[in-house]
Amino acid sequence: MLDHKSIAMSPPSSFAVVEYDSLMELIFPLFIPALLINMGRTTTLAVMPLHVLSMGFSYKDVGLLATVAGVGNVLGNIPGGSLTGAHGPRFTYLVAMAALFASAGCAALANIVDSALVFYMFLLSFFLNGMTEAIAALARQTFTGAVVSKSVRGRASSAQGGMNRLGYVLGTSLGGMTAHVAGPGAAYALQAAASMSCAVVLLLCMPRISATQTLPSDTAKPQDLANNGDGCAGGSSLVGVAHRHWKLLAIAGCFSGCAFFGRKARELFFPLEGHAHGMSQAVVGHIAALSFLVDGALFPVAGFALDHIGRARTGAISFATMAISLFALQHGGEAALLTFAVLSGVSNGICSGLFITVGADLAPAHCRANFLALFRIIGRVSDPVAAAVVGTLADAASLRVSELAAFCVALGGLTCALCCMPETLQSASPDQKDYAMVQPEPEAAEASDSVTPATPEPL
């Protein structure tokens, strides 16, 4: 069913070693699962906050729920890294589908349990939703770094980002309409159906590969600099990887953290602004869907930018656009929300696949899963922080104050992208000097250790 290049036939108890060198080969193992999981996860993106508010809870409660989702997004990387390292990305992806199904079940049960337990069911649902995003994203990113040829990795990452955003469009739109017509419970059922569909596609189409495989087509590349000559030998645990690569992780984590803060704030501002202006669930869902439609339409532009302009420069453009969109909300009203929807969609769209690509570029093969887990943990800490800041400031002061806080974070991300972030675009040789400032041993090559089996010769 798959049209990938099989590099070696492995024993039944071992992993296969495969390589993909075209986007068409990635449609079923990578792009379709990304579409389904994001459609399922965002089916309740606008529905659940509005459902919570309709039951008499406050903005602060919504902020707390979103904070819990952010905590799940951060903590999910810890078991996700261990599972991916031990069992490969496909198994980890299936675990994420189980978590999404359970999230939908908890939200549905909130309608029928005792009133004292309602908020706790929503807490558990939001936490599992955050765990789902973390575990699935780590599995996808590991899979991309392990099996996608570097000649198409930037475009594959941006196309994957495009599928993520198309999932957001379909999820928010279908979720809002379904909840408006049949109630929130129907939206939760739609989320459960999407999780089961994704699991079936994964079982049929994603090969079982090792997180540590290297490709015969790989030669010396920027992430080799992170190995300091010995890969991750003796330090492949989370603590060992953090100790060895702390400087690179700190800079890249700050870069991604500012972006994830803006994305989480963006998700919250749609239902909060809509509620403040008395909009229905359907209207809020359509506005959010418009934003994600713009977002998803720009992934070809993102692919070109990542492979020609550079990773850090593309991030800088995104941060600048996000800052403008957040400042537009200061005017208030439906027109301002529509402006924010379009501009924030542009901001996210032009960096589609950016963090997948950066992580895949930087992660050493011998500790890829744990390096990416740490990369995501550092960046994703901003998820609960953003939710707490937005919810608390909106409740204690006003929505305008919380929007200004998000604006300041976007400016911080712009500064990091322009002044601190190393450029990992391999074709831009002047930027390799910048990278060498972070990891000063360009002559180092990846070394094999007992963790990673030797790569067989191509058949």
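Atoms considered below: every heavy atom in the structure, side chains included; atoms not considered: hydrogens, waters and symmetry mates.
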No-hydrogen, no-angle side-chain donor-acceptor test under 3.5 Å, [X] and [Y]:
| X | Y | result |
| --- | --- | --- |
| T357 | S157 | yes |
| Q191 | R41 | no |
| T142 | R368 | no |
| T84 | T92 | yes |

Using a 6.0 Å cut-off, check whether atom CZ of F327 has over 12 heavy atoms from anything other than its own residue.
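12 or below, so no.
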Exercise for the section: Determine whether more than 12 heavy atoms belonging to other residues, nucleotides or ligands lie under 6.0 Å from atom CZ of F101. Expected result: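 No, CZ of F101 has 12 or fewer neighbouring heavy atoms, counting only those of other groups under 6.0 Å.
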For the pair [X] and [Y], name the ring-plane relationship: parallel under 30°, tilted 30 to 60°, perpendicular over 60°.
| X | Y | result |
| --- | --- | --- |
| F355 | F260 | tilted |
| F340 | F270 | tilted |
| F91 | H87 | tilted |
| F143 | Y20 | tilted |

State, to 0.1 Å, how close [X] and [Y] come at their nearest heavy-atom pair, and which atoms those are.
| X | Y | answer |
| --- | --- | --- |
| L298 | V346 | CD1-CA, 3.6 Å |
| G76 | M131 | CA-SD, 3.5 Å |
| M206 | R90 | O-CD, 3.0 Å |
| L35 | G167 | CD1-N, 3.5 Å |
| A360 | G145 | CB-CA, 4.0 Å |
| G81 | L138 | N-CD2, 3.2 Å |

Mind checking the [atom1]-[atom2] spacing from [X] to [Y]? Nearest 0.5 Å is all I need.
| X | Y | atom1 | atom2 | result |
| --- | --- | --- | --- | --- |
| I135 | L94 | CD1 | CG | 11.5 Å |
| F375 | S256 | CZ | OG | 4.5 Å |
| L404 | L399 | CG | CG | 11.0 Å |
| S318 | L414 | OG | CG | 10.0 Å |
| L36 | L100 | CG | CG | 10.5 Å |
| N129 | L124 | CG | CG | 11.0 Å |

So does [Y] get a backbone contact from the side chain of [X], meaning a donor-acceptor N/O pair under 3.5 Å?
| X | Y | value |
| --- | --- | --- |
| E25 | D21 | yes |
| S347 | L343 | no |
| N73 | A69 | no |
| T392 | V389 | no |
| S125 | F122 | no |
| E403 | L326 | no |
| S352 | N348 | no |
| S291 | I287 | no |
| T321 | I317 | yes |
| N77 | V74 | yes |

When you compare the side chain of [Y] with that of [X], does any pair of heavy atoms fall below 4.5 Å?
| X | Y | result |
| --- | --- | --- |
| Y188 | M48 | yes |
| M39 | C198 | no |
| H366 | T212 | no |
| L166 | F299 | no |
| E267 | Y168 | yes |
| R208 | V18 | no |
| D61 | L65 | no |

- Item | Residues R311, V358; criterion side-chain contact (heavy atoms from CB on, under 4.5 Å); working and verdict | CA-CA 7 Å; R311 312 339 186 186; V358 168; 3.9 Å; yes
Pairing of R263 and D295 as salt bridge, 4.0 angstrom limit: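 Here R263 does not pair with D295 in a salt bridge, since their nearest N and O are not under 4.0 Å apart.
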